[in-house]
Structure formats: structure tokens, C-alpha cells
Protein chains: 2
Amino acid sequence: MAENATSARPALTRGRACAAGVALADVEGIDAVSMRNLAARLEVSPMALYKHVRDKEDLLGGMIDIVIASYDTPRPGVDWKQGVRARILSARRALLQHPWARRVIEASTTRTPTVLAYMDSLAGMFMAGGLSVDLTHHAMHALGHRIWGFSPEAFDDPDALAVPDDPAEQEAMLRHVSETYPHILAIALGNTDASGAPGSGCDEQSEFEFTLDLLLDAFDRLHAAGWSSRQTVLRS
Amino acid sequence: MAENATSARPALTRGRACAAGVALADVEGIDAVSMRNLAARLEVSPMALYKHVRDKEDLLGGMIDIVIASYDTPRPGVDWKQGVRARILSARRALLQHPWARRVIEASTTRTPTVLAYMDSLAGMFMAGGLSVDLTHHAMHALGHRIWGFSPEAFDDPDALAVPDDPAEQEAMLRHVSETYPHILAIALGNTDASGAPGSGCDEQSEFEFTLDLLLDAFDRLHAAGWSSRQTVLRS
DNA sequence: CAGCCTAGGTGTACGATGTAAACCTGTCAA
DNA sequence: TTGACAGGTTTACATCGTACACCTAGGCTG
């Protein structure tokens, strides 16, 4: 496979396709990212893209990965709260640079490893700060879209981690997940339903009410403390 | 206009079209709601829909309105916190019955009067409880998607309330808004930018950081208080 | 070296989508 | 009686994602 040859076309690859998608979406909006349009930018036939990308959703997933890759990596040695705060604000900066990303993330159904890795890393920061698995779980839910634009329901979405039928494959997958996303796994195993069985997905309703009450109580407290105009958050 | 005549077709209207859209989305998913498909359900030619609906986005807006109309109305006489809580949980119930609604609301760019009215009503509940305009504003941002699936950024989105060019129309619009959405107006007027000019849209970044710190502090407090497993929220 | 395999690119074609434009038709107001 | 017009139809177009068949040039194996 002649990589560069003479032509000005530097060999199509999945990475180049997704990067071109990001660039195109940045300047012309996400609607301009059609397979035909993107192929034209790459001076390639539309169907050529399908040799490197399963379908359009896969392409969009790759574009999201590029955005996530631009997040700051966690700085070690800082307090968990400062660390999480800096990380999330960095994610926000990246999302502001790519306004289309928020909607794409929300619409996408499958989570790529990059997405899972980011979530795992964030969960790990809470746990490294000493928060329990349950409290970390609550915090991830409460932060929700604040993390980057969609609530981290991959913990519960059955599509997020497709479990194979073959027990042998299950075993292999479990090992892989436990090595790669240990914190996510801890949260998943911590989940119990009414029957007490672990790994049964979290109780969305009580998660929702937990954060709702947390917020309402917080504003009640601010109100009672006489908070009335623009001030910094009470840090007591 | 023979309304019923002999045919079994009870006259097409915007309301019937949107209601049929809701029913269709409920049983076959939002992707099944195409103009052609919907028209077929109504035993009508696809283009007939356009006599009652501007375009597809308008149709989806009408569908959302139907969902919102199914929310519980606020019960008078209860504490603001209980009232808001009940209202939001009711909204959640409605959204769970129409799983497609969340994505549609997130994707829609224009806010219908029904949407604005709901937001205004909710803001009014905070203010009736004695919260200041600013604090209400923060609370609406913090609750964000929890209200129904999208953060209430209609306060800031310039597209949300298109300001006409003609000064006379501006005047009329201002009067109309002040009568119809008084609480939203109060929040909008409360916004000041760096130059101190009111009505200039809120500072998204500081809103974001406000809620972020609120949540991080809340979890820090829970952590420090020894919260480690499933308990009810500390209500102190 | 011959030959085949395959990764990677092309062209064509299909069904679906939203909707613009022109047209038809029955009902009510003047 | 005569429009006007609300409401429904037909046709047509551009665009979309992508299935399918095809071509072609290296690199590997015999």
C-alpha cells in the first residue's frame, strides 16, 4: 500500500476521517458532516469512508473521542475536589470549542472505550479522595451533564456494556473490564436491587431524588442564610 | 368545511396531528415519526400536515407541549420546597412515560409558549417562597436537566426570544412578555454583564462554576460527615 | 517468479427523508 | 353568483445513509 506516493492525498485512515469530521463540524456545523460532504473534503469517494468506519455513528464516536482526548489529564498531587474541579472545567473548555459535541454525545447510544476511560478516571479521583463507592456513584449522577454534556448513565444503560452469551467470553470480558475500568466496575458491583442482587443496575429513581433533594436543600440553606445577591458560594 | 361528514376521518387539526405524533412515538419510537408515516396513520397525504404545522420542528414542539400539559399543576398551600419537589417529580413521571421526549426537548431550538409558561411557573414557585431573583436564577440553572431533560438555558439563548426590529413591535412584545412570563422577565432583567448593563444574558461560565462548586461542596460535606453507604440525605 | 488474497478505493443504485410548488375542491361571505 | 380561501392532493427535488458489485495494486505464499 503506497502510503504517500505522488498524490497530495496522505492515505485515508480512521483517524484522519474523524479528524476531518471534527474540523468540518467546527467550521460548518454538525449538519455539514454528511458522509458525502466529508468524503469530498478528503477528496475521496463517499463509500471509501466505510472501509475505515462502520457507519456514521461510528464516525461520530471517533469525533467525540478526539474531543475527549483534548481534555487535560489529571494533575497529581492536588486535593480531590480541586482535581475534579479542574478536570471538569477543562472538559467544559473543550466542549465550548466544539459546540456540536454536546448534542452528538447526548444522541450517541454506544460508549467508546475513550468515553468509558474518562468516566473511570473521574470516578477514580473521587475514590482516591476517600469517597466511598456509593458516594462516588451519587456524585457522578449528580454532576451529570456537568461532566461534559450528558449524564453518566452508562453505568446503567444495558446497551453500554453488551454482555456476550458465551460464558468463556463473559469471563474474558470481566477480566478485561476489571483491569481497564476498575472504578466503573466497583460502582456496578456496588449496585443492588430490591432483592439484594449485585450488578443489577442502579435505582434511577432514587438517584434522581437524591440529587434533587441535595440541590433543594442547598438552596434552602442559602436562602435561610440570607443569600440574596451575587456572592461566592458559601464554603463553610 | 364538513367536519365529520360520513368518512371516519374526524377532520385534521394541529392538535390531532401532534397527538397522533405522540401516540406514534410512544409505541414505535421517535424515528417512526416521519411526516409520511404520521400522515399515513391519519389517512391523509403527507403534505396535508403542512397546512396545520409549519415544519417538522413545529410538529415536535406541539408534541412536547402535549407532554408538558400532562404535568401536575402546582398544588397551592404547600411549602415551596415541597411544591417544587412534587412538580419536578411529576415532570419526571411524564417523561418516563414518553421516553422520546427528552431527546426531542434537548434537540429543539425554539421554545414554545407552553415551555416558557412551565419554566415561568416553576421560577414563580421559588420566588413565592421568598428566594431572591438571583437565587432563583441559580436554582433554575442548577436543577437544569432535572426539570425535564434540558437545562433551562432559554433565559440566555438569543434564539429563544427573537427580538423584532421594529421598535413598536418591541414595545408590544415587552408588554406581552411582562404580563405572561413575569418571573422569566425578572430574571432576564436581573442579568448584568461586566459593563453592568441589564438584560444582557447571564454569565454561563459563572453559573456553571456556581453549581459545580455547590455540588462538590455538598459531597465534600457528606464525605466529611462520614457518609459511606445508602442513607437518606442529611436534612439538617 | 506465478498466482492469489485482500485492503482499500470507485460507481451505481435504492429507499427514505423534509418540503417547495402547483393544483384541485368544497364552503362561506359579499 | 362570485370569488376567496381553508384544507387536501399530486408531483418533484435534493439530500441522506448505505448495500452491492466492481476494480486494482501490493504483499504474501507456493
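Every chain is numbered from 1, with letters handed out A, B, ... down the list of sequences.
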Participant: Evaluate the side-chain contact (heavy atoms from CB on, under 4.5 Å) criterion for residues A:L59 and A:V33: first the C-alpha distance (whole Å), next the side-chain angles of each, then the deciding distance (0.1 Å), finally the verdict.
Facilitator: CA-CA 10 Å; A:L59 173 80; A:V33 181; 4.2 Å; yes

Participant: Given atom CG of A:L38 and atom C1' of D:dC16, what is their separation to the nearest angstrom?
Facilitator: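 Distance, rounded to whole Å: 14 Å.
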
Participant: Nearest 0.5 Å please: distance from the CG atom of A:L95 over to the CH2 atom of A:W100.
Facilitator: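 It comes to 9.0 Å.
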
Participant: Less than 4.5 Å apart, any side-chain heavy atom of B:L38 and any of B:L49?
Facilitator: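 B:L38 reaches B:L49 side chain to side chain.
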
Participant: Side chains of B:L24 and B:R41: closer than 4.5 Å at any heavy-atom pair?
Facilitator: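 Counting from C-beta outward, B:L24 and B:R41 do come under 4.5 Å.
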
Participant: Expressed in angstrom and rounded to an integer, what is the separation of B:K51 atom NZ from C:dC23 atom P?
Facilitator: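 So the NZ-P distance, B:K51 to C:dC23, works out to 13 Å.
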
Participant: Return the 5'-most residue of the pair B:E57, A:L49 with respect to DNA chain C, ranking by each residue's nearest nucleotide.
Facilitator: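 It is A:L49, whose closest nucleotide lies nearer the 5' terminus.
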
Participant: Which atom pairs link the protein and nucleotides 11-18 of chain C when you take only N or O atoms and keep those under 3.5 Å?
Facilitator:
unit_1, atom_1, unit_2, atom_2, d
C:dA13, N6, A:R36, NH2, 3.4
C:dT17, OP1, B:S34, OG, 3.1
C:dG18, OP1, B:K56, NZ, 2.6
C:dG18, OP2, B:M35, N, 2.9
C:dG18, N7, B:R36, NH1, 2.5
C:dG18, O6, B:R36, NH1, 3.4
C:dG18, O6, B:R36, NH2, 3.0

Participant: Reckon A:H52 has a side-chain N or O less than 4.0 Å from the OP1 or OP2 of C:dG9?
Facilitator: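 For C:dG9, OP1/OP2 do have a side-chain N/O of A:H52 under 4.0 Å.
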
Participant: In whole angstrom, give the distance that lies between atom CG of A:L59 and atom P of D:dG17.
Facilitator: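 Rounding to the nearest Å, CG of A:L59 and P of D:dG17 are 10 Å apart.
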
Participant: Keeping the roles fixed (side chain from B:R87, backbone from B:D72), state whether a donor-acceptor pair exists under 3.5 Å.
Facilitator: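 Yes.
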
Participant: Does B:H52 have any ring pair (Phe, Tyr, Trp, His ring centres under 6.0 Å) partners at least two apart in sequence or in another chain, and if so, which?
Facilitator: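 By the ring pair (Phe, Tyr, Trp, His ring centres under 6.0 Å) rule, B:H52 matches no residue at all.
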
Participant: Rounded off to whole Å, could you give me the CZ-to-C1' distance for the A:R14 and C:dA7 pair?
Facilitator: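 Going from A:R14 (CZ) to C:dA7 (C1'), I get 17 Å.
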
